[in-house]
Amino acid sequence: MTQPLRVRIAPSPTGSIHLGLARTALFNWAQARGRGGTFVLRIEDTDRSRSTAESETAILEGLRWLGIDWDEGPDVGGPYAPYRQSERIERHLEVARQLVERGDAYRCFCDADRLRELRAAQEARKETPRYDGHCRTLDPAEAARRAQAGEPHTLRFRVPAGETTFDDLVRGKVTFANAEVDDWVMLRQDGSPTYNFVVVCDDAQMRISHVLRGEEHLVNTPKQLLLYQALELPSPRFAHLPLLLGPNRKKLSKRDGSVSLEDYRAQGYPRDAVVNFLCLQGWALDGETEIFSREEFTRAFDVRDVSKGGSVFDFDKLAWLAGEYLRAESDAELAEHCVPFVVAAGLADEEELARRREWFERVVAQERERIRLYSELPARIAFYFAPDDSVVYDPKAEKGARKREGAVQTLEAYREWLAGQDLTEPEALGERTRAWLAERGLKLPALFQPLRCALTGLPGGPDLFQVMALLGPEAVDARLAAGIERLGE
RNA sequence: GGCCCCCUCGUCUAGUCAGGCCUAGGACACCAGGUUUUCAUCCUGGCGACAGGGGUUCAAAUCCCCUGGGGGUCACCA
């Protein structure tokens, strides 16, 4: 009970990081960081056919991106190394041997065909499919002889009678009748261990004190608890986290859109927004504060405060948070984060952006109120990089410009007047322009709408005097000339 | 279907463990105004929930029971 706090995340390297895994990792990490515990990363690669080294790398990278660090893991080692399950197989087999000796596990010679038929028959009778205990009562010595002779077999756990109860940290008391628990397979026919078996071996050997995992594992808990008992090992406390749900209220899956962390990174979500959002799924700081730092999170987090019900993933709220975080960045940071997206969009290469860094930062600063994701910037600033005579006119912008009476004449006159003006002081230019408009008895939109169209081609956007300052006199003049021609047609 | 879990605004949640402070708070979304050269940001306001029914109690979103609904899981996957 007073054992040191040790938590872990044990992903299987069979793909990218699912958002659910990301949240589970965050909660485990916070539980450890908030109270001086140890956070362990263990790679669950027992399914050798599906596990890949690339996936393992991607997972570590993804976790790092989230800002999660681990005290022990495959890359940093630790006192309970190795941290890759495939490398712990001797330990697993040793435990299996012990269990056979004690009679808590038995060899099962039923082949796949028999089990398939058994299941089919049970389903036909509308019974719950489960192992019928065919090999449960085999004489151990006889079974050992058959195994020795090379007869293929699996190793099953002998589930005792009774019931299994545990106190889940988020759900409270949960009870299962042991009769509902199958005599599950611990070692496959090829001798490889299964998940429920290794997870207990490893958690026990690594002294894991608390297991925080998704609710889909709730039904595995009695199997694992029974194994701890058979091994006479203290069991960890369990906490089953509510599931992340799609709009259909089922477990969030690929069909619901982007479910892997990499997608969000690639789509230009600020990472702290993703973290903050994930924290909000099943947990709240105080019920009022929506935006908080990693530090505030780890300080306040307690798995016992996690809610029980699953949460429907709200993409709108994530987008809102993304905007909030994006706007909290300095111009320099924001520009830095946007560079890859601007380059990917083909607007400019890195060298050019580096060369015009000050200019680029001003461009970014201008647009920060209008984007929520880094990836949204390129479309907004593309006009800066367009040839002056063929800026793309958005239909809405063009329509708005054309409907102004005398738009072309106003533009012509303004162009002429502008030729002698200093564009580098937007404020001053704005004032002089207003005076110019007043002199001619023109309303502001009469000039601004055609002007915006000619300069940017967009229906909305930043202050036009600032745009002109960034565009420079030549581009402004050329765009006005082109606009006068194009809007006059 | 069996077993297990869950159920507060459309969504994320506070409040539930220690019943009264809750005529149920916040946020996203939505709607309406305001600010603005436009778009956006921002500001103000509005809409909107204790799944239903029984109990217990002076008092229930909070405790108990039933019903309903949703989900998870039933592999030699993890």
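So that the names make sense, note that chain A is the first sequence line, chain B the second, and so on, each numbered from 1. Only a predicted model underlies this, so the values are computations on that prediction, with no experimental measurement involved. Quick note: numbers below take in every heavy atom, side chains included, and nothing from hydrogens, waters or symmetry partners.
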Tabulated below should be each protein N or O lying under 3.5 Å from an N or O of nucleotides 45-48 of chain B; please produce it.
none

Pairwise N/O distances under 3.5 Å, protein to nucleotides 6-11 of chain B:
residue : atom : partner  : partner atom : Å
B:U11   : OP1  : A:Arg249 : NH2          : 3.4

Could you list, one pair per line, each protein nitrogen or oxygen that sits under 3.5 Å from a nitrogen or oxygen of nucleotides 18-24 of chain B, together with the distance?
none

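In this pair, A:His217 does not lay its aromatic ring on the base of B:G72; centres under 5.5 Å and planes under 30 degrees do not both hold.
Taking only side-chain nitrogens and oxygens, A:Thr128 never comes nearer than 4.0 Å to OP1 or OP2 of B:C74. Checking the phosphate oxygens (OP1, OP2) of B:C76, a side-chain nitrogen or oxygen of A:Arg119 falls inside 4.0 Å.
Taking the six-membered ring where the residue is Trp, A:Tyr195 and A:His217 present tilted rings, their angle falling between 30° and 60°. Aromatic ring pairs are classed by plane angle as parallel below 30°, tilted from 30° to 60° and perpendicular above 60°; the pair A:Tyr264 and A:Tyr269 is perpendicular.
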Please evaluate residues A:Phe297 and A:Trp283 with respect to the criterion side chain to side chain contact (heavy atoms under 4.5 Å, CB included), reporting the C-alpha separation (whole Å), side-chain torsions for both, the decisive distance (0.1 Å), and the verdict. CA-CA 10 Å; A:Phe297 169 56; A:Trp283 186 80; 3.5 Å; yes

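A:Glu290 contributes a side-chain N or O that forms a donor-acceptor pair with the base of B:G26 under 3.5 Å.
Following rounding to the nearest Å, A:Arg130 (CZ) and B:U73 (P) show an atom-to-atom distance of 18 Å.
With both ends at atom C1', the span from B:C50 to B:C3 equals 29 Å, rounded to whole Å.
The residue among A:Pro129 and A:Arg50 whose nearest nucleotide of RNA chain B is located toward the 5' end is A:Pro129. Where A:Asn196 and A:Gly287 each meet RNA chain B at their nearest nucleotide, the meeting point lying more 5' is that of A:Gly287.
The CZ atom of A:Arg255 sits 6.0 Å away from the CG atom of A:Asn248 when rounded to the nearest 0.5 Å.
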Counting only pairs under 3.5 Å, give me each side-chain donor-acceptor contact of residues 427-447 of chain A, with atom names and distances, residues two or more places apart or in other chains.
residue  : atom : partner  : partner atom : Å
A:Arg432 : NH1  : A:Gln421 : OE1          : 2.1
A:Thr433 : OG1  : A:Tyr414 : OH           : 2.9
A:Thr433 : OG1  : A:Leu429 : O            : 2.8

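Remark: A:His153 pairs with A:Phe109 by the ring-ring contact (aromatic ring centres under 6.0 Å, His included) rule, at least two apart or across chains. A search for side-chain hydrogen bond (donor to acceptor under 3.5 Å, both in side chains) contacts involving A:Arg171 returns nothing, not counting sequence neighbours.
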